[in-house]
Participant: 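Before I ask anything, here is the structure I am working with.
Letters A, B, ... mirror the listed sequences (proteins, then strands); counts begin at 1.
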Amino acid sequence: MTTTGLGMPGGHGLDGVPPADRPQAAKDYRSDQEVRWCPGCGDYAVLAAVQSFLPELGLRRENIVFISGIGCSSRFPYYLDTYGMHSVHGRAPTLATGLAVTRPDLSVWVVTGDGDALSIGGNHLVHALRRNVNLKILLFNNRIYGLTKGQYSPTSPPGTVTRSTPLGSVDHPFNPVSLALGAEATFVARALDSDRAQLTEVLRAAAEHRGTALVEIYQNCPVFNDGAFDAVKEPRARVQRIVPLRDGEPVRFGTQGEYGVVRDLRGGGLRVAPVAETGADAVIVHDTAADDPAQAFALSRLDRGDHGPVVPVGVFRAARRPAYDDLVRRQAAGSGGGGTLRDLLRGRDSWTVQPHRRNTP
Amino acid sequence: MTTTGLGMPGGHGLDGVPPADRPQAAKDYRSDQEVRWCPGCGDYAVLAAVQSFLPELGLRRENIVFISGIGCSSRFPYYLDTYGMHSVHGRAPTLATGLAVTRPDLSVWVVTGDGDALSIGGNHLVHALRRNVNLKILLFNNRIYGLTKGQYSPTSPPGTVTRSTPLGSVDHPFNPVSLALGAEATFVARALDSDRAQLTEVLRAAAEHRGTALVEIYQNCPVFNDGAFDAVKEPRARVQRIVPLRDGEPVRFGTQGEYGVVRDLRGGGLRVAPVAETGADAVIVHDTAADDPAQAFALSRLDRGDHGPVVPVGVFRAARRPAYDDLVRRQAAGSGGGGTLRDLLRGRDSWTVQPHRRNTP
Amino acid sequence: MTSPTVPRPPVRLERVVIRFAGDSGDGMQLAGDRLSADSAAFGNDLATRPDFPAEIRAPQGTVPGVSSFQVHFADYDILTPGDRPDVLVAMNPAALKANAADMPPGATVIVNADEFTRRNLQRADYATSPLQDATLGRHVVHQVPMSSLTRGALAGSGLSRKDAERAKNMFALGLIAWMYGRPTAGTETFLRRKFADRPELAEANVTAFRAGRNYGETTEAFATTYEIAPAELPPGTYRQITGNTALALGLTAAGQRAGLPVLLGSYPITPASDILHELARHKEFGVLTLQAEDEMAGIGAALGAAFGGALGVTSTSGPGLALKSEILGLAVMTELPLVVIDVQRGGPSTGLPTKTEQSDLLQAMHGRNGEAPLPVIAPRSPGDCFDAALEAARIALAHRTPVLLLSDGALANGSEPWRIPEPDDLPDLRVEFATEPNAPDGSGAFWPYLRDRRTLARPWAIPGTPGLEHRVGGLEKADGPGAISYDSANHERMVRLRQAKVDGIEVPDAEVEDPDGRADVLVLGWGSTYGPIGAACRRLRARGLPVAQTHLRHLRPFPGNLGAVLRAYRQVVVPEMNLGQLAGLLRAAYGVDVVSRSKVTGQPFGAEELADALAPVIEGEKGEPA
Amino acid sequence: MTSPTVPRPPVRLERVVIRFAGDSGDGMQLAGDRLSADSAAFGNDLATRPDFPAEIRAPQGTVPGVSSFQVHFADYDILTPGDRPDVLVAMNPAALKANAADMPPGATVIVNADEFTRRNLQRADYATSPLQDATLGRHVVHQVPMSSLTRGALAGSGLSRKDAERAKNMFALGLIAWMYGRPTAGTETFLRRKFADRPELAEANVTAFRAGRNYGETTEAFATTYEIAPAELPPGTYRQITGNTALALGLTAAGQRAGLPVLLGSYPITPASDILHELARHKEFGVLTLQAEDEMAGIGAALGAAFGGALGVTSTSGPGLALKSEILGLAVMTELPLVVIDVQRGGPSTGLPTKTEQSDLLQAMHGRNGEAPLPVIAPRSPGDCFDAALEAARIALAHRTPVLLLSDGALANGSEPWRIPEPDDLPDLRVEFATEPNAPDGSGAFWPYLRDRRTLARPWAIPGTPGLEHRVGGLEKADGPGAISYDSANHERMVRLRQAKVDGIEVPDAEVEDPDGRADVLVLGWGSTYGPIGAACRRLRARGLPVAQTHLRHLRPFPGNLGAVLRAYRQVVVPEMNLGQLAGLLRAAYGVDVVSRSKVTGQPFGAEELADALAPVIEGEKGEPA
Ligand SMILES: Cc1ncc(C[n+]2csc(CCOP(=O)(O)OP(=O)(O)O)c2C)c(N)n1
Ligand SMILES: Cc1ncc(C[n+]2csc(CCOP(=O)(O)OP(=O)(O)O)c2C)c(N)n1
Ligand code: SF4
Ligand code: SF4
Ligand SMILES: [Mg+2]
Ligand SMILES: [Mg+2]
């Protein structure tokens, strides 16, 4: 994977970040801190996937920064031997933005949870996405607040019984992919904690993307929301429910690809149909680079937040748009440099008082 | 317009709000405060439209509440003779939510600006939308911060030169309609300050909707962003650029309806085409009630935030989903009422200390 | 197995402190809770202190993962959960390690011997087994293979080995229950209720509990049992209550007594979340809870509801209070009733989320832009949280002001027996909404900022009231009519009126406890230090050192007699779990030279520790500053 | 038209205070700005005070819509924009109404007579015309039909009537320029530059300006002109500067002197926005500005940049500071350099956004959860904002701490001549980033919380530095290694270390000004009250009342000698634009009995008013508290 380039808008996500001088292994990214999640927590799987993926980027460890908010998942940076910051609840994207704008030589990652990113931190998330700051955001979605011991979150399905909703929640949840696309995201993907290969693929695509990349990771919380994703993870269900998205390919799934996603001419969106009925030509072809996010959005609606009827995973959108931080730097670079501090302080309307002048009050 | 009903999810927006006992006129809604916007400000037109629309609702003035944030537009409540609160920057939806949940007998309106709603207040806006609280949100979008004297806003097009962006802004803007649809909004509409009839029609639809209704109003700020909407307001341009959305009708526009919105089979979204070329059947039919917001979203992308190529106005979406406040109240109503405070305080594990027992320390 | 022994008569004790410690997953909180409940039911006075890590479940077997629960029960009225445990139940080496330093010489240690494996010792950073070396030389050590005994008891239950072992906390509880003659019916009923939908687990837990008791009875090692007689508590009906539950019940009662709906807008945060959890269960009492998207939304919803005539409440901890600052200012400006609860935890920033501290006092006082005064009150014990909630609601409703209630982690999760009040004895909090125009010029207009002459409160005119339509907001208001005013003189007047309104709130005088009237040193505290300060004063008096104690509930405004009280003593000492925040406020307000004794460890003061710190001040030369 | 008159010699004055007042749309700020610039160029010392409504443009002709600009210029070094105008230019009845009360007897009033129509009088709530009744009896009134004269002068310019009339502010300026012998080239150049792309407007404004001068020269009514000689200012090159511009330049200079990029993360808010506007223009000096989505994002970005090795800055006003509280706490915990600017305005809540106040001092000190100390400093005059910005950056960088700089509305928009420093004379702010592992055990590990022994600052190890990879965050840190620590003793140590670090920052001693050394009363202030207090002290001394003055730049930590200074005086008086916030802090810190003199009107103290308030204290019996 290349780490050189022009650092210009629309380039590679790692342009400007210096390459490593030696090959690395997953263990190079393990910090000396003991990992403190509950046994069986999905966070372990994601950590392992990231640790074995990072060497692939070929960067120097010191040029990688992970910034997190607050939540179980937000402990992530402690376990990675890179630079890191465990900030405050919901605001990691703001710190990451300030860092990315001033340091084009760093690869900046944000780790956040469904509460951190979508409840208290919703505003910063949507603004990072619209600005398209060169950040990679990993959103651990366990559909629950883990760290505060199990309240429902903005991604919990209606009716979720938790300590704060003894009679079941009544809120309609966000679909993080739809929300991101509505917020002008240039890169949105979804992955499962339990599928290392697919998660790694998505991480790779995110790292390559220049701009904000949002990766929603379905993450199991065995303690407070066990099995939240079983409906799509359970091996048999999986084939029938998971729609793998592959750029440039028709969107088909099922044991033999017997289902396809086709246009829903009544509703105006997309629907699932047996390919035998619709014919292969009716199946839409996935185009991550499309300028118009409409089809990616329509795909995101196949999962209505309740896994039903099917859940697309993979990269929904990976479109090109100049990254905010590149534009800021380009503007700064283009604004000359002729002036001296002396001139600046002097301004345009100065006058001089000569030593010899004297007046009396 | 009826104001009775069951107050049940999916009902009329004004169910539960008692009707007026006498007919009203616009002047009934004028407060004694002098209006303090700049001469020519678009806010005047919206105020006039609202003041002449409110009597039509047939409500008692005292059962109407307008809550605003901070900004020029947020002075709105002072000029209406209803109950009102001019709160803090960006957080009006939170106050409105608390009020709506506890007071089903009120018609609650939020007035906000593009900075108020989408910059500092973005999080509260998206949460109100996903919850579907029975609020009507009027978003005055002048694509500028008026009150703080003209900085660019999250809806300003890239390159906007303002006092805070002397070399032009580099942020990609939000499209408020797309953002709202991504945030699970049940009702989203767009109107122009300069078209009283269309604005009134949209206000009417919003008032009827049970749940959160977001109305984006293009509003001219003659002082800091004059003419921001001239491209679509100017009479000749208008016919070619404005796409009026009408439920159940094909989406056509132009002097003779010679243009239509059709599916863009390559990009997966929608595009504009001469009907003569595509045939009338290819033109999509607008369905505000569609469960799937995909088509409404695709429509919102016709305006890419820069009026180009065309700008749909009217109701994008008006779908049914139970309102949060109704659900909260229903849950409360259903949770019995048998218990007494005495029993509650006593709990399940109490014991009694008799007067006669004595021990020594 | 040892053979059955003839029971010996139990030894009488006044009090005992027992601490259960184990892994976060070992169920120590439950064991402690049940010991408390059974002791309460038995009639002891008691106080508890849970302590757990900030992680949900830190790595098994490590010191950071240790969770503990301390119970202090006695035959007299006690004030604290106890300084140091007389008995430590350690479920693994890490639990022993984490707690060993707290035990006084002679204390009893009961360990789950099964867990003292090489691997576990390593995880707890023990080079050699503390059961074999000199580590526990000064303690009475009982090695009980709790895991295997529990598994044994459950052989044939059909449970997996792992599930069976899970019940070992109940084994430990059974053993302690036997040693201290605790009633058992309560716990058995509780277990059957808790596991109602999994009867096999209910039976397994009951069996383990009984096995623990039987083990005590049949083992020579535990030859002695103890008796702690019921305490002489004022007659009445009692329950055990934590501070958070008491706050929630107090707020519910306040709504009922005010005849108003209650809206809690809250975002979860440790250690305040349980207030939300508890209130979420009281919908039938007109309490609505809204889990907001963040702290601003929580207080915003509460304030919106208050505008509509509800009792608006928001609950949080320090970082959340910081986020509420701006809207708190709006509440001050709009002069609407609001109760804001801050359950303080260790700071700054995320700090020590599960530990206790009193370091948000100055934030509560001053954490808003501009001159934005509001009343601040603090409860002193878990049960007192109930009364404090009612008092906060009373002030908020009567004076139309946000009120800040400062609880803390020790109160929130600590528990004590609480004498349940009769609802009719609770204060009457009814308010009158404005219904008529009030303009003094008789114009028939409504002036939302025309103040009550006595309280300086403005009228509460809620939407739905015809003729009183008006607008409020955060810009300065004209005194009286309430329209926006940029007038200089008006602003000055309003700033001073808002201050005067808060300063003029009537609060009870500070009461000083000085049993023999000989003290010339006053110890003054606020909040959860009440117990340790009281216990320390008892100890000091027992040592022959006279000392006076007063404890503040009202921190703003201060009690009217406070200046006089402070000046009546040679020396005033203020122990606080911060760097001396109240001490500074007292100096600023009264110009008296108070001495601050502060502790900022995330742990409450110990009574003995505090007594030792206070003694030199009292022993200092009379008439001279100590 | 009157006939030309022979010019009389101008009358010499030491000083004059001129106030332009008109509708928000009348261009009064511009007129005032130009008068200041021309006076500065002439060599007078000067100070200015703009005052405008919170609305962008309130309804024309009404009192709330009045905007004004006051200029004080003199032939000696002055300290304030002046208490009361010697000359009021009132462009309409509302402007007269809004300002009439401020004029001392004998003051000159120049009104735009064209605007005194029935309709405008009504709008300003005048029952009869003040030009006809006794209202202005004690003033010298000049009725000048400025609108029609301006229109007349521009007849034939091709401009519409409305556009032509717009230039009447330049007519007014021209008249004043003539009366006070101001140079005119500056304004003419300025106008041609400002309207470079609309030359017809440039010419129209220049013509109107000249017409105003000619009107003065040719009218008998203005027979007298005045001369105010240049002031004896220290030699050097000067410019006129507002506080906000000075802050922005100071920050830019700080970045240059530190050799670091500057990142300002800011959300617009009155009266702080101009800092963002100004800094947005200095990209070539390595200054990046990020208009954030809200205040949290602003400080978050600044802190993120600081983590990366930039000088992070965030600017706001009171309500915004409230929102930044939580992240400020994180900055305290992570011990990263950060400059936080609060340009204070009238509070609480939205308050009086365009007025000045000093009421955020306690918020700055205490508005965070937990014990979260940070240094607080305040500039004393517009030009001093430059030095204060450098000082804030110095402390932040050298001590690795967020620093709060408290400016206010009066400083922000007020202006004065500022002697431009040579860049090389500015302090050297270079910092050393950590580059090597530092673990004292020689393990080769990096300890991010190993402190510098002298400053207690921790190392600043920025990403990109090999071998120093580490993690920071808001949870309590182990002293030294910096890993998360829940240890009680460690927490106590860290809380006290953070406090000691701030307490130990070296700041210059407080300097007392007491010209004849006879004073036994000390007047102590902070921030923008420097001017009025200094002017009041001059007046008092002129009245024969000795008084000492000291002014604090450093509010936390206080100067080392402050306690001694305070105790050296019989009485200390603290004038503040709040309810006595600094006074309370001094009482708490030093146990001295300071007297607070506060004013909370949204307006600065007047020198005369303050002198009158101080005089009784000084006149009080020696040796007795006043
Ligand atoms: C300002 C603030 N408010 C609330 C909290 C309490 N809090 C910590 S994490 C969290 C939510 C965690 O949920 P999520 O982001 O989904 O992370 P998870 O623990 O599930 O990984 C909350 C409410 C906090 N730390 N700070
Ligand atoms: C907490 C806070 N931050 C910033 C401000 C300053 N402020 C007031 S209104 C506003 C933006 C106004 O823009 P918009 O919402 O678009 O309203 P408009 O004035 O354009 O109608 C800002 C930044 C404030 N009042 N409060
Ligand atoms: S609570 Fe859930 S999310 Fe948190 S560490 Fe435990 S299993 Fe993981
Ligand atoms: S600044 Fe713009 S938006 Fe504000 S009142 Fe004036 S014209 Fe209207
Ligand atoms: Mg979660
Ligand atoms: Mg706007």
Participant: Is it true that a side-chain atom of A:Arg301 and a backbone atom of B:Asp292 form a donor plus acceptor pair closer than 3.5 Å?
Facilitator: no
Participant: Looking at A:Ala180, A:Gly90, A:Ala294, A:Pro293, which makes the most heavy-atom pairs under 4.5 Å with chain B?
Facilitator: A:Pro293
Participant: If you measure from NE2 on A:His172 to OG1 on B:Thr186, what distance do you get to the nearest 0.5 Å?
Facilitator: 9.5 Å
Participant: Do any N or O atoms from the side chain of B:Asn123 and from the backbone of A:Ser119 form a donor-acceptor pair under 3.5 angstrom?
Facilitator: yes
Participant: Indicate the atoms forming the closest heavy-atom contact of A:Leu181 with B:Phe297, along with that distance.
Facilitator: O-CZ, 3.9 Å
Participant: Enter the distance from B:Leu265:CG to A:Ile284:CD1 here, rounded to the nearest 0.5 Å.
Facilitator: 11.5 Å
Participant: So which residue, A:Ala298, A:Ala290, A:Gly168, ends up with the most heavy-atom pairs under 4.5 Å with chain B?
Facilitator: A:Gly168
Participant: Taking atom CG of B:Asp291 as the centre, does the number of heavy atoms from other residues, nucleotides or ligands within less than 6.0 Å exceed 12?
Facilitator: no
Participant: Is B:Leu299 in contact with chain A via its backbone, its side chain, both, or neither, using a 4.5 Å heavy-atom distance?
Facilitator: neither
Participant: Checking B:Leu125 against chain A: side chain, backbone, both or neither under 4.5 Å from a heavy atom?
Facilitator: neither
Participant: When you measure from the side chain of A:His127 to the backbone of B:Leu118, do you find a donor-acceptor pair of N or O atoms at a distance under 3.5 Å?
Facilitator: yes
Participant: Whether the side chain of B:Gln331 engages the backbone of A:Ser169 through a donor-acceptor N/O pair (distance < 3.5 Å, no angle test) should be reported.
Facilitator: no
Participant: Let me know if A:Leu129 has heavy atoms under 4.5 Å from chain B in its side chain, its backbone, both or neither.
Facilitator: neither
Participant: Is it true that a side-chain atom of A:Glu184 and a backbone atom of B:Leu179 form a donor plus acceptor pair closer than 3.5 Å?
Facilitator: no
Participant: State whether the side chain of A:Arg130 and the backbone N or O of B:Phe174 hold a donor-acceptor pair below 3.5 Å, judged by distance alone.
Facilitator: no
